[in-house]
Protein chains: 2
Amino acid sequence: MRRIVGMARKRTYGQYCGLAHALEIVGERWALLLVRDLMLGPKRFTDLRVGLPRIPTNVLSARLKELEQAGVVRRRTLPRPAASVVYELTEYGAELEEILLRLGRWGVRTLGEPGPDDILTVDGEILALRATFRPERARGIRTSFELRIGAVVVHAIVDDGTLKPGEGPLAGADLVLEMAEIDALRPLLTGEAGPGDAIENGTVRPHGDLAEFERFLDIFSVPTAPAVVPA
Amino acid sequence: MRRIVGMARKRTYGQYCGLAHALEIVGERWALLLVRDLMLGPKRFTDLRVGLPRIPTNVLSARLKELEQAGVVRRRTLPRPAASVVYELTEYGAELEEILLRLGRWGVRTLGEPGPDDILTVDGEILALRATFRPERARGIRTSFELRIGAVVVHAIVDDGTLKPGEGPLAGADLVLEMAEIDALRPLLTGEAGPGDAIENGTVRPHGDLAEFERFLDIFSVPTAPAVVPA
DNA sequence: CTGGATCCCTCACGATACTG
DNA sequence: CAGTATCGTGAGGGATCCAG
């Protein structure tokens with residue numbers, strides 16, 4: 001005879017705790033990466049697939065339903081003629097932003113070299129810009145950058161302590177940084193390498209002033225030193 | 001014929017992104033709750049089991065190994081006569097603290113009623129105290145509280161903007177709050193209910209001044225209003 | 001083409017028993 | 001006390017299929 005233990009108990013931690021509950025909402029696999037991509041604005045199902053190439057579609061469906069159910073994501077049907085469906089963060093979901101940026105900064109410090117089939121996405125790179133942006137160092141500064149990392153092109157407009165990142169090129173950018181490898185930028189942001197090193201070994205080709213390059217690295221950086229990871 | 005796809009590729013998101021990497025480290029099930037419990041100091045395997053009653057021991061083993069491997073947790077054998085093993089956070093792991101507190105505050109706002117077999121742990125309650133503590137409201141204040149929630153007893157010593165939480169009772173506490181239900185405190189911290197309501201309906205029995213009760217609620221609270229969750 | 005649903009396989013998780 | 005061993009189940013991974 002089969003004992004009915006808890007009838008259809010969804011996976012839960014069984015703790016009455018804010019953190020445990022948060023993890024039940026956004027702790028499932030892919031969930032926070034989904035939120036990351038939605039931080040940049042409403043997206044369609046297919047857009048999300050493009051940003052998360054390795055997510056199975058059934059998992060994407062499931063996560064969107066769960067996040068919608070939890071009040072993190074809202075599913076909206078576009079009005080006219082589009083007749084398309086977009087997913088967007090609710091107010092509540094948008095409040096994860098600061099947490100994701102911090103978690104991203106924490107994780108980037110042990111990121112190491114990219115694996116053979118690690119990819120860089122536009123959304124990932126824009127997150128990196130937002131996560132490493134130091135408003136206090138951008139006070140009174142007005143400048144703009146374009147970053148080309150392989151096929152990924154993003155830009156950033158800095159204006160007196162504020163940052164407006166975006167995808168695609170930016171005409172008239174004060175500095176263009178061109179890189180072939182997806183891990184060319186990380187050592188610069190973490191302080192492991194300086195602009196001189198990067199230019200010398202050819203991982204970064206700056207189009208613009210060297211001073212502008214240094215200003216970029218001043219405005220965008222990860223505060224603390226990289227952690228030492230034992231083998 | 002079988003195609004060799006990626007030989008022993010561990011579960012990865014395939015993105016060169018700080019957030020994705022962070023989630024590969026601490027995004028597995030139970031990992032962040034483990035870190036939460038270790039935030040309170042070194043613990044033995046069995047202590048961790050007590051704090052996380054529903055974690056299978058093999059999963060606990062696996063997580064500890066993974067976190068150790070990732071440089072988040074350090075396994076240390078106690079010197080003399082104990083001959084015991086403790087796990088503790090590394091510097092790097094300890095830097096997750098602010099993130100966990102924020103995530104806890106985010107999650108508590110949609111926590112709702114406890115499920116039938118939701119439990120409250122001492123560690124969970126201490127996390128709640130730390131997460132809801134508002135240093136700016138504790139400036140120049142020196143007081144102490146003891147909380148009894150069912151069998152869980154914790155205390156907090158507030159001294160001019162600093163908080164020292166601990167487990168167990170506190171002799172000479174300025175205020176003792178006694179509750180039978182594990183969800184008696186949450187509505188007070190989120191502002192859904194006031195001290196008057198709680199005393200009237202008997203969910204909280206304060207031993208001490210009403211003014212002290214109000215001071216407690218001023219020092220400990222979740223800033224924003226609870227989110228509206230659609231059915 | 002978008003926006004998914006379905007199938008099948010694998011492996012991580014969950015429960016429990018067992019060992020140094 | 002501090003885990004390892006075993007085994008069943010279900011969530012995730014990957015490919016394909018289908019409706020509007």
Side-chain angles (χ1 to χ4, degrees), chain A residues 2-15 20 23-24 26-34 37-38 42-68 73 75-78 81-88 117, chain B residues 1-15 20 23-34 37-38 42-68 73 75-78 81-88 117:
Chain A
R2 162 182 274 275
R3 181 133 42 104
I4 300 171
V5 186
M7 49 186 327
R9 204 169 11 155
K10 319 184 27 181
R11 278 211 181 178
T12 174
Y13 290 106
Q15 301 216 355
L23 293 173
E24 284 164 2
V26 295
E28 300 297 303
R29 204 162 154 67
W30 295 106
L32 283 180
L33 290 182
L34 219 50
D37 284 11
L38 289 176
K43 296 208 171 174
R44 294 173 304 170
F45 191 90
T46 306
D47 299 332
L48 291 168
R49 283 185 58 180
V50 171
L52 270 21
R54 304 253 283 243
I55 191 174
T57 62
N58 57 347
V59 174
L60 178 53
S61 277
R63 289 294 164 274
L64 286 171
K65 281 201 186 76
E66 292 158 12
L67 291 174
E68 190 186 351
V73 161
R75 181 194 153 108
R76 190 156 55 93
T77 308
L78 291 184
S84 181
V85 175
V86 295
Y87 298 88
E88 61 189 2
D117 36 38
Chain B
M1 183 152 72
R2 163 182 276 274
R3 183 133 43 105
I4 300 170
V5 186
M7 51 187 325
R9 206 175 1 163
K10 327 182 20 181
R11 278 213 180 176
T12 174
Y13 291 105
Q15 301 216 354
L23 293 174
E24 284 164 2
I25 296 175
V26 294
E28 300 297 304
R29 203 161 154 67
W30 295 105
L32 283 181
L33 290 182
L34 219 50
D37 284 10
L38 290 175
K43 297 208 171 175
R44 294 173 303 169
F45 192 89
T46 306
D47 299 333
L48 291 168
R49 283 185 60 181
V50 171
L52 269 20
R54 304 254 283 243
I55 192 174
T57 59
N58 58 347
V59 174
L60 178 53
S61 275
R63 290 295 164 275
L64 286 170
K65 282 201 184 77
E66 293 158 12
L67 291 174
E68 189 185 353
V73 161
R75 182 193 151 108
R76 190 156 55 93
T77 306
L78 290 185
S84 180
V85 175
V86 294
Y87 297 89
E88 60 188 4
D117 36 39

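Naming: A, B, ... by sequence-line order, numbering from 1 per chain. Both backbone and side-chain heavy atoms feed into the values below; hydrogens, waters and symmetry mates do not.
- Around atom CZ of B:Arg29, more than 12 heavy atoms belonging to other residues, nucleotides or ligands sit under 6.0 Å away.
- Residues A:Asp117 and A:Arg54 meet the side-chain proximity criterion, which asks for heavy atoms closer than 4.5 Å.
- One can place CG of A:Asp47 at 15 Å from P of C:dC1, the figure rounded to the nearest angstrom.
- C:dT10 atom C1' lies 16 Å from atom CZ of A:Arg54, rounded to whole Å.
- At C:dG14, none of the side-chain N or O atoms of A:Tyr13 fall inside 4.0 Å of OP1 or OP2 (strictly under the cut-off).
- Listed nucleotides C:dG4, C:dC13, D:dG14 differ in distance to A:Pro56; the shortest reach to its side chain belongs to D:dG14.
- DNA chain D is contacted by both B:Arg49 and A:Ala62; B:Arg49 maps to the nucleotide lying nearer its 5′ end (nearest heavy atom per residue).
- One cannot find a donor-acceptor pair under 3.5 Å joining the base of C:dG4 and the side-chain atoms of A:Asn58.
- Between the side chain of A:Gln15 and the backbone N or O of B:Gly51 there is at least one donor-acceptor pair closer than 3.5 Å.
- In this entry the distance linking CZ of A:Arg44 with P of C:dG4 reads 12 Å, nearest Å.
- Between D:dT4 and B:Lys65, a contact under 4.0 Å exists linking OP1 or OP2 to a side-chain N or O.
- One atom, CZ of A:Arg29, and another, P of D:dG10, lie 20 Å apart when rounded to the nearest Å.
- B:Ser61 contributes no side-chain N or O that forms a donor-acceptor pair with the base of D:dA2 under 3.5 Å.
- Inter-residue side-chain proximity for B:Arg63 and B:Val59 is flagged as met; some heavy-atom pair is nearer than 4.5 Å.
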